[in-house]
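As C-alpha cells, the structure follows; a few thoughts come after it.
Every chain is numbered from 1 and lettered A, B, ... according to where its sequence line falls, protein lines coming before strand lines.
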Amino acid sequence: MSSENGPEQGGAQDAPPEQLALIRESVRKAKTPRAKPRTWRGAALAKELPVARVLVDKGVLHLDRYFDYAVPEELDADAQPGVRVRVRFGAGRHRVRDGRREGGGLIDGYLVERLAESDYAGPLAALAQVVSPERILDEELLGLVRAVADRYAGSLADVLQLAVPPRNARAEKRDSPQPLPAPPAPEPGSWARYEQGAAFVEALASGGAPRAVWNALPGPQWTQELARAVAATLASGRGALVVLPDGRAVARADAALTALLGEGRHAVLTADAGPEKRYAQWLAVRRGAVRAVIGTRAAMFAPVRDLGLVALWDDGDDSHSEPHAPQPHAREVLLLRAAQDRCAFLLGGWSCTVEAAQLVETGWARPLVAGREQVRAAAPLVRTVGDQDLARDEAARAARLPTLAWQAVRDGLRHGPVLVQVPRRGYVPRMACAACRTPARCRHCSGPLEGQESGSALRCGWCGREEGAWHCPECGAFRLRAQVVGARRTAEELGRAFPAVPVRTSGREHVLDTVSDSPALVVSTPGAEPVAEGGYAAALLLDGWAMLGRPDLRAGEDALRRWLAAAALVRPQSAGGTVVAVAEPTLRPVQALVRWDPAGHALRELAERAELGFPPVSRMAAVAGPPEAVTGFLDTVELPREAEVLGPVPLPVTAPGRPRRVGAPPPGEHWERALVRVPPGRGAALAGALKAAQAARTARGSDTAVWVRIDPPDIG
DNA sequence: AGCACGCCGACT
DNA sequence: GTCGGCGTGCTC
C-alpha cells in the first residue's frame, strides 16, 4: 500500500478514507485520459464491488444522474445500498497535491448500488464518509421518487428531499418497537352501508388489490371505515398508508385506528412532531416495525413495507398539493405508488373531484357508493335561498339573512348547535353593487374595492387608493353591499340576534376541534368547522354565490366540496338536521348539494373538461417568467408533436400584501405565462421534454430562469 | 451552483 | 511572451 503518491504520510490510520484513493497524477498530462479504464494503485479498496453508485443530493436538473465513487476498504462494510454518504463533489479537474485530492466540497448523497466496475472512464474519487449504516433508500422508494420526478418534470434530489426526512442521530440510535403479528380481519362494520363495501374490505383482507373511489356518506363514520380498511390490509399481512388533508383529520383517523387496533400498530406522520420524533417514526416504518401509517401530505412517501393499500381522504383539499418543488399532489403520488406496488387504492371523501371521476370513468377504479336510501337516511335536508327568494324577502334586504335562514337557525338552536359557514375571514372584504351586483372595482387599476373596519372609506385591494365616491359603472346605483361577509361580522350580527346563545368562531388563526351538543352558534370558515358531538342541528351556508363567482376551473367543485363538508356534520334529516344554502338553486353545484350527488356533479364537470380540452383529461404545464425567457424556452423545448402552446400572456397583477403560496414564482414585473397542453397519454412525453429543456437552460447559466409547473392549479 | 480551462486582446 | 478578461462545460 506504499507508494510515492504517499497517502500514508502522517499515518494511514489518521488519513480520511477519501485520501486513500489514488488519483493518477498523469491524468492531466496524458492527452487521451479517458481512453482506457483506470486501475487502482495505492489505495486499499473494497475487495468486492469496489464501485459505489451515488445519487448526489443537489437539486439541480442537469445533475440528475448518478456518479460513481470508489469504496475504500474501511467503508466496505457500511457502504451498503441505501445508506447516506458524503462525497467530494466539485468543479473541473481537481488539483492533486501530495497525493491527496482537493477542491470540491463535501456534499450529501445516497448510495444507490454497489458495482464491480464503473462505466465512467476517468479516475474515481473515493467515498468520503458513510454517514450512518442505516439503509434508508431502497429500490422501491427510489423508484417512487424517480416516478414522481418524471411525472412532474422535477429533479430526483428535489423529490428525495420531500420523501426522506432529515436524519436525526438520536432517533437512529433508538430501537424501534418489535413488529406485532397481523391482527384478525375486521368485520365490515358500517362499510355494509355501501353497495360494494363489504366486498371491498374482504378483498383487502384476502390480499387483493381493489381500487375504489369512495363517496362517503355524511356523518362521522368515515374514520372508522378508513380504520377498517387499514385493519383488513394488515390482516392480509401487508402494510397500509392513509393520507389526510390536515392535522385534525389525522387526529380523528388516529383515534379510530387506536380504538379498532390498539396502540402500536400504526405510526402518525405529521409535520408538527419534532425532528427527532418524526425521524424515529419514519425509521420505525422503514424498519418494518410499524406496518400502517396515517399522516398529512408528507406521509405520501412513507416507506411502508409490503404496501397493500394507499388511501387518500378528500383529495380536493388543496393542502394535498405539496408547496415545494416540483409540487406533487398526494393523489398523483399515491396513484404512482398503487401502480408501482400493485396495491389497493382508496380515494375517499364526501365530495368528488373531476380527477376521481376520471379514475372511475376510465375504469381504473370502481365506484364505492351507497344506494339512494342510505344517502337519504344519512343526509340532512338541504334547502336553498336564491335571488328570487331574496327579492321577495323584505327582511332579507334589511338584515343580511333571508327569512328561511333565520327560521332554520332559530329552530336548530332549540335542539343543538348550529353551524354557520362563512367563506372568508376578515371584515367585508369584497364589495358589489347592491342593485346589479357588479363587483366594485378601483377606477385606477380595476382592483377589487374592499370595505374597511366599520364605517370608513373603501380602499382598493391592489393599489391601496381610497375610493370616496363610488357609483356603479353598469347601472349607476350608489349603494354597495358586502359580497362576502367575514366571520367576525357575521358572528356579531348573529350574536345580537340571539343574545341568549353563545357564539363561537373557528377560523384560520383559531380552529376549534369539537363543540358540545348544547345550543350554540358556531361561525366557521370552510375547512375549520368543528365537529359537533351529536351532529349539528342545522347549518347555514352563506354567500354561496360569492364562492361560485371565482373565475376558476374548480370554483363549482370547490364550493360543492365545502358545502358538503359542512353539511356532513349535520344530523340526518330524520333527526331534524337542516341545511340552508344561500345560493342560486339553478346552479349545478347547488343542485348537486340538494340532491347530495357529488359523483354526478364531477362526471358532468369531467365531460365538460373533456370537450374543452381541459385537465385532467388533457395534461397541462405552465411556463412562467420574463417574456424573453418564456419565448426563449419555448423556442428550445422539443415538445411532443401533439403539444399545443397557449399564450404566452401577461400574468395577472398579483395584489400586494396578499399571501403567496410557497413555491409560487417569486414576484416578477411583467411576467408572462404560457400553457402547454397535450392529449391524454402524452403527459410523460411533455414532462420529459420540459425537463430536458429546463436542464439545458440551467446548465447554460446565462439564461434567466423560467418556472415550469405541471398541473398548474390556477388556470382559469 | 462553483470552478477550471482556454481562447482572445493589452501589457511589462 | 504572459496576464487576465469572461464564455463554456464539467462535476464520478
Without decimals, in angstroms, what is the distance between [X] [atom1] and [N] [atom2]?
{"X": "R65(A)", "N": "dC12(C)", "atom1": "CZ", "atom2": "C1'", "value": "9 Å"}
{"X": "F67(A)", "N": "dC10(C)", "atom1": "CZ", "atom2": "P", "value": "11 Å"}
{"X": "D64(A)", "N": "dC10(C)", "atom1": "CG", "atom2": "C1'", "value": "16 Å"}
{"X": "D158(A)", "N": "dA1(B)", "atom1": "CG", "atom2": "P", "value": "12 Å"}
{"X": "E117(A)", "N": "dC12(C)", "atom1": "CD", "atom2": "P", "value": "20 Å"}
{"X": "F89(A)", "N": "dA1(B)", "atom1": "CZ", "atom2": "P", "value": "14 Å"}
{"X": "Y66(A)", "N": "dC10(C)", "atom1": "OH", "atom2": "C1'", "value": "20 Å"}
{"X": "R88(A)", "N": "dT11(C)", "atom1": "CZ", "atom2": "C1'", "value": "14 Å"}

*So do the side chains of K691(A) and D64(A) get within less than 4.5 Å of each other, counting heavy atoms only?*
yes

_Near-parallel close stack of Y120(A) and dC12(C) base (under 5.5 Å, under 30°)_ = yes

*Apply the salt bridge (charged side-chain N to carboxylate O under 4.0 Å, His left out) test between E332(A) and each candidate in R297(A), R337(A), R151(A); give the one that qualifies.*
R151(A)

*For E134(A), which of K173(A), R287(A), R174(A) qualifies under salt bridge (charged side-chain N to carboxylate O under 4.0 Å, His left out)?*
R287(A)

*Using the ring of each side chain (for Trp, its six-membered ring), is F89(A) parallel, tilted or perpendicular to F67(A), with breaks at 30° and 60°?*
perpendicular

